[in-house]
Novice: 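First the structure, then my questions, so here it is.
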Amino acid sequence: MTTVDEAWRRLTVRAREPVLEQLRRAARGEPVVPALYRWDKGMDPAAPAALPFLAALVRDPGLPNREQLLGFLLLLVNAGRQEAAERRAHGWAAAWRKHRTALEPLLADPAPEVRNTAGHLVERAAPLLARIPLETEPWLRVRQLQRLGEVADPADDAARALLTDALHGADGPDAAAHRLAALWGLAALDAAEPERWADRWVAAVLDPAAPAAVDRLWTRPDGDYRAEPAREVASTARALPPRLTAHLSVRLARAARDADRPELCAAALEAGWRPLLDLPSTGPLWPATAGGLLDHPDPRVRHRAAAFLAVLGRAAAPYADALHARLDDTDGDEFLDGTTADQARWALARIGDPRVLPGLVRQLTAVERENGRGFVRGDPRRPEPYDALLPLHGHAAALRPQVAQWAREGASHARPDRHPGVRLLAAWDGPADGTEPPSDPEAAALGLLRVPPVRLVHESPAPYLRGTRAVAELSRRGPLSPGVRAAVEHVLSLDRRLSWLGDYRTVLDDERLRDTLHRALRGEAVTVPPLSHLDELDCELGH
C-alpha cells in the first residue's frame, strides 16, 4: 500500500486525510468513500494501486459498508472504460485486467443488489452464461440478459443460443417481458447490424401485454417505482451503443405514433436525443420522423420533435411551414425547459427562415429576464441567445438594431464589454480567430491523427480545437502539406463531434469546426469561427 501513498502525494487535489487512511477506515467498515475520483478531474493516480484492496473489501460479505464500496468501485471502473484513464492514472488498464475476474463470483452473492452491481462489472460472457439459468430474481435476470448481449462476442454461439432460447421459449402471461429482455440482449449482441432485430424489438415494446408483464417481472421488490416499458426504453437505451440506440429509437418513434402510444413515442425521442448529440451519422435518421411528429396530440412529443429539428438545423428546412405553425404552441414537456414554440422558433432561426426575424432577439433573450430558469444541461432546452443568433450573420442587416438594443441593455452587466450582445456584434463584424497560433502549427495539426474517436469525459478534447487553429494558420501560409491533409481527412471521417460541450452546443461547434476544416482542404485561407457561449461550469472544467 506504500504505492498508494506515493501516488496520492502526486495529486494536486486537497483531501481531509491521506487516501491510505481512508482505505483503512473503509476496511474497518466505516461509511467512507476513498477520494480516488473527482467529477471534474476523473480518476486519480492512486486508483490502480488501490484497486486490489477495494476488490478484496467488496468480496467480504461481513463488511457493513460493502454495497457502498461496490458502487464506488463501479464508478471507478466506468471511468476507466469511458476516459483515457491511462493519461491520469497510469497502470489502471493493466490492474483492471488482472483483478476483474476476482469480482465475477459476486454474480452469485446472496444479496440481489450486489449481484446487480456485479453484472455491470462483468466483462466476459462465461460467468453470465453460468449465472443466468440460476438467477431467481426476474428483474435481475432481465439485466443479466441485457449485459450478456453487451459483453459477448457476436460469434459466441453459446451466448446467442441462450438469448435465442429465451426469445423463442417465452410463453404464458409473462412471455412479453421475457421476449423483450431477450431482444435487448440480441440487439446489443448484433449492435453492428442494428436493423437485424429492430422490427422484432419494436413489436415486443408495443405488445399490449408488455406493460403488465414488465410490471410483474421487472419491478424490484423494494424499488421506488413500478417498471414500465416507456421508462425502461429511456433508461436502458443509455447503456447500449449510441448508433444502435439511434436506429431503435427512430423505428420505435414511428411505430408508436402509428399505434397511438404517446408514452412510447416520447420515450423513443428521449432515448434518441443523446446519440443525436454525440454522433453526426445519426442526424440523417431523424428529419422525416421528427417532422412528422410536430402535430402529435401529445405535447411531450411535439416539444421533443421540435427540439430535434432545431438541432438538425438546415436539414429541417422541408418542415419550416410545420414549425411555423407551432409558434403559438405554449405547451411543452413539464420536465424540460421552455415550450414547443421556443424550440420551433429556434429551429426556424437555424434554417434561416425570414419569418421569425421580426422580434427574434427579444424572444430569444426572454431567458435572461426570467428568475430561476432551470434545466438539465444535456436535455433539450432553449438556446443561449448568443448561440442562436451567431450563425445568422447573413441576416445581420435585419437583426443588428435588435442586437444593439440588447447590448445597450447590458450596460449593467458585470462586464459590459463581455455582454453576449456586444460579443455577437463583434463576431459579425470581424474575423473570428484572434488567438495566438501554436508555436509549431504543423505538429499541432498532425496531432489530429492521434485523437481517439471516442468521447472523453473530464478530459479536454482541446486537440480538436488546437488542431483546427493550427490548420487555419497553415492555410493562410499556403497549400497544406500531404501530412496535414491526411490528418484533416482523418478527423473529418470520425463519427463523433469535434466539440467538448455536452449539450446542443456540441452540434453547433462541430458544424463550424468541420466547415472550417473542409474549406481548408479546398485550399481556402480560413480562420476559426466564433464558437458557442460558455458558462461558468465550462470554465471550472478547464475548457
Novice: Excluding sequence neighbours, so at least two apart, what forms side-chain hydrogen bond (donor to acceptor under 3.5 Å, both in side chains) with Asp333?
Specialist: none

Novice: Is there side-chain contact between Glu524 and His518, with at least one heavy-atom pair below 4.5 Å?
Specialist: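 Side chain of Glu524 against side chain of His518, heavy atoms only: no contact under 4.5 Å found.
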
Novice: Hey, does the side chain of Asp495 reach the backbone of Ser281 with a donor-acceptor pair shorter than 3.5 angstrom?
Specialist: yes

Novice: Test Asp295 against Arg302 for side-chain contact (heavy atoms from CB on, under 4.5 Å), laying out the working first.
Specialist: CA-CA 6 Å; Asp295 60 352; Arg302 296 197 306 272; 5.7 Å; no

Novice: Rounded to the nearest 0.5 Å, how far apart are OG1 of Thr506 and CG of Leu276?
Specialist: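 Here the rounded value is 10.5 Å.
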
Novice: Under the criterion side-chain hydrogen bond (donor to acceptor under 3.5 Å, both in side chains), I'd like the reasoning laid out for Gln405 against Arg408: C-alpha separation, chi angles, the key distance, then a yes or no.
Specialist: CA-CA 5 Å; Gln405 175 62 31; Arg408 285 193 295 271; 2.7 Å; yes

Novice: State, without any angle test, whether Thr365 and Arg369 hold a side-chain donor-acceptor pair at a distance under 3.5 Å.
Specialist: yes

Novice: Check whether NZ of the Lys or CZ of the Arg Arg382 lies under 6.0 Å from the centre of the six-membered ring of Phe375 and within 45 degrees of that ring's axis.
Specialist: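 No cation-pi geometry.
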
Novice: Take Arg326 and Asp321 through the salt bridge (charged side-chain N to carboxylate O under 4.0 Å, His left out) test and state the conclusion after the steps.
Specialist: CA-CA 9 Å; Arg326 299 260 67 86; Asp321 289 341; over 6 Å; no

Novice: Is the backbone N or O of Leu277 less than 3.5 Å from a side-chain atom of Arg497, with the two atoms forming a donor-acceptor pair by type?
Specialist: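 Judged by distance alone, yes, a pair lies under 3.5 Å.
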
Novice: Are the side chains of Leu189 and Leu148 in contact, using a 4.5 Å heavy-atom criterion?
Specialist: no

Novice: If we only count heavy atoms from C-beta on, is the Val202 to Leu248 side-chain gap below 4.5 Å?
Specialist: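 They are not in side-chain contact.
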
Novice: Under the ring pair (Phe, Tyr, Trp, His ring centres under 6.0 Å) definition, can you give me all pairs with a residue in residues 243-301, not counting sequence neighbours?
Specialist: Trp273-Phe308, Trp286-Phe308

Novice: Compare all side-chain heavy atoms of Ile351 with those of Leu323 and state whether any distance is below 4.5 angstrom.
Specialist: yes

Novice: Quick check: does any side chain N or O of Arg304 sit under 3.5 Å from a backbone N or O of Gly332, one acting as donor and the other as acceptor?
Specialist: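 The answer is no, because no donor-acceptor pair under 3.5 Å joins these two groups.
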
Novice: Looking just at side-chain N and O atoms, do Asp331 and Thr340 make a donor-acceptor pair shorter than 3.5 Å?
Specialist: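 There is no such pair (donor and acceptor under 3.5 Å, judged by atom type) between the side chains of Asp331 and Thr340.
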
Novice: With sequence neighbours left out, write down each residue that passes ring-ring contact (aromatic ring centres under 6.0 Å, His included) with Trp218, or none if nothing qualifies.
Specialist: none

Novice: Could you go through the side-chain hydrogen bond (donor to acceptor under 3.5 Å, both in side chains) check for Ser499 and Asp510 one step at a time?
Specialist: CA-CA 6 Å; Ser499 168; Asp510 179 69; over 6 Å; no

Novice: Just wondering, are more than 12 heavy atoms of other shown residues or ligands nearer than 6.0 Å to CG in Asp258?
Specialist: yes

Novice: Kindly indicate whether the side chain of Trp139, heavy atoms from C-beta on, has any atom under 4.5 Å from the side chain of Leu217.
Specialist: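 The answer is no; the side chains never approach within 4.5 Å.
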
Novice: Could you check whether any side-chain N or O of Thr289 sits under 3.5 Å from a backbone N or O of Arg254, counting only pairs where one atom can act as donor and the other as acceptor?
Specialist: no

Novice: For the atom pair CG (Leu348) and CG (Leu360), what is the distance rounded to the nearest 0.5 Å?
Specialist: 9.5 Å

Novice: Is there a donor-acceptor pair closer than 3.5 Å between any side-chain N or O of Arg274 and the backbone N or O of Pro242?
Specialist: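 A pair under 3.5 Å: no.
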
Novice: What do the steps show when you test Val528 against Leu513 for side-chain contact (heavy atoms from CB on, under 4.5 Å), and what is the final call?
Specialist: CA-CA 7 Å; Val528 176; Leu513 293 174; 4.3 Å; yes

Novice: Do side-chain atoms of Arg514 reach the backbone of Leu492 as a donor and acceptor pair under 3.5 angstrom?
Specialist: yes

Novice: Would Glu511 and Arg350 satisfy salt bridge (charged side-chain N to carboxylate O under 4.0 Å, His left out), going step by step from the backbone distance to the final call?
Specialist: CA-CA 12 Å; Glu511 290 174 350; Arg350 288 265 287 152; 2.9 Å; yes

Novice: Can you find a pair of side-chain heavy atoms, one from Thr516 and one from Pro529, that are under 4.5 Å apart?
Specialist: yes

Novice: In plain terms, say whether Arg512 and Asp509 are close enough for a salt bridge, that is, a side-chain N and a carboxylate O under 4.0 Å apart.
Specialist: yes

Novice: To the nearest 0.5 Å, tell me how far Leu163 CG sits from Leu183 CG.
Specialist: 9.5 Å

Novice: Which residues pass the side-chain hydrogen bond (donor to acceptor under 3.5 Å, both in side chains) test with Glu123, sequence neighbours left out?
Specialist: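 Per chain and number, Glu123 pairs via side-chain hydrogen bond (donor to acceptor under 3.5 Å, both in side chains) with Arg81, Trp96, Arg100.
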
Novice: Looking only at heavy atoms, which two atoms of Ala427 and Pro530 are closest? And how far apart?
Specialist: CB-CG, 3.6 Å

Novice: Are the side chains of Asp329 and Thr339 in touch, meaning some heavy atoms are under 4.5 Å apart?
Specialist: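 Counting from C-beta outward, Asp329 and Thr339 never come under 4.5 Å.
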
Novice: Between the side chains of Asp190 and Arg160, is the shortest nitrogen-to-carboxylate-oxygen separation below 4.0 Å, so that they form an ion pair?
Specialist: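 Counted as a salt bridge, because a side-chain N and a carboxylate O are separated by less than 4.0 Å.
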
Novice: Using modelled atom types and a 3.5 Å cut-off, is there a donor and acceptor pairing between side-chain atoms of Arg179 and backbone atoms of Ala204?
Specialist: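 Not at all, since once roles are kept as given, no pair shorter than 3.5 Å links the two residues.
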
Novice: What are the two closest heavy atoms between Ala388 and Pro391, and how far apart are they?
Specialist: O-CD, 3.5 Å

Novice: Using modelled atom types only, decide if a donor and an acceptor are shared between the side chain of Arg496 and the backbone of Leu279 within a distance under 3.5 Å.
Specialist: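 Between the backbone of Leu279 and the side chain of Arg496 there is no qualifying donor-acceptor contact (under 3.5 Å).
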
Novice: If you take all heavy atoms of Ala306 and Ala344, which pair is closest and at what distance?
Specialist: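 Result for this residue pair: CB-N, 4.1 Å.
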
Novice: Run the numbers on Arg345 and Asp342 for salt bridge (charged side-chain N to carboxylate O under 4.0 Å, His left out), then give the verdict.
Specialist: CA-CA 5 Å; Arg345 183 176 297 108; Asp342 293 321; 3.5 Å; yes

Novice: Any chance you could measure Leu517, atom CG, to His490, atom NE2, to the nearest 0.5 Å?
Specialist: 12.0 Å

Novice: Tell me if a side-chain donor or acceptor on Gln402 pairs with a main-chain N or O of Leu357 at a distance below 3.5 Å.
Specialist: yes

Novice: Is there a side-chain contact between Thr236 and Trp184 (heavy atoms, below 4.5 Å)?
Specialist: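 Thr236 reaches Trp184 side chain to side chain.
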
Novice: Could you check Val233 against Leu252 for side-chain contact (heavy atoms from CB on, under 4.5 Å), going step by step and ending with a plain yes or no?
Specialist: CA-CA 10 Å; Val233 166; Leu252 177 60; 3.9 Å; yes

Novice: Determine whether a donor-acceptor pair (N or O, by modelled atom type, separation under 3.5 Å) exists between the side chain of Thr219 and the backbone of Arg216.
Specialist: no

Novice: Please table the atom pairs, donor to acceptor, closer than 3.5 Å between any side-chain atom in residues 259-268 and protein atoms at least two apart or in another chain.
Specialist:
residue, atom, partner, partner atom, Å
Arg261, NE, Glu263, OE2, 2.8
Arg261, NH1, Leu206, O, 3.2
Arg261, NH2, Glu263, OE2, 3.2

Novice: Apply the test side-chain contact (heavy atoms from CB on, under 4.5 Å) to residues Leu309 and Leu294: give CA-CA distance (whole Å), side-chain angles for both, the deciding distance (0.1 Å), then the verdict.
Specialist: CA-CA 10 Å; Leu309 292 174; Leu294 281 173; 3.5 Å; yes

Novice: For residues 315-374, pull every pair meeting ring pair (Phe, Tyr, Trp, His ring centres under 6.0 Å), keeping only residues two or more places apart or in separate chains.
Specialist: Trp346-Tyr504

Novice: Is a donor from one side chain sitting under 3.5 angstrom from an acceptor on the other, for Glu368 and Trp406?
Specialist: yes

Novice: Does the side chain of Gln146 pick up a donor-acceptor pair with the side chain of Arg143 at under 3.5 Å?
Specialist: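 Gln146 vs Arg143: no donor-acceptor pair found between side chains.
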
Novice: Nearest 0.5 Å please: distance from the CG atom of Leu145 over to the CG atom of Leu180.
Specialist: 11.0 Å

Novice: How far does CZ of Arg147 sit from CG of Leu121, to the nearest 0.5 angstrom?
Specialist: 8.5 Å

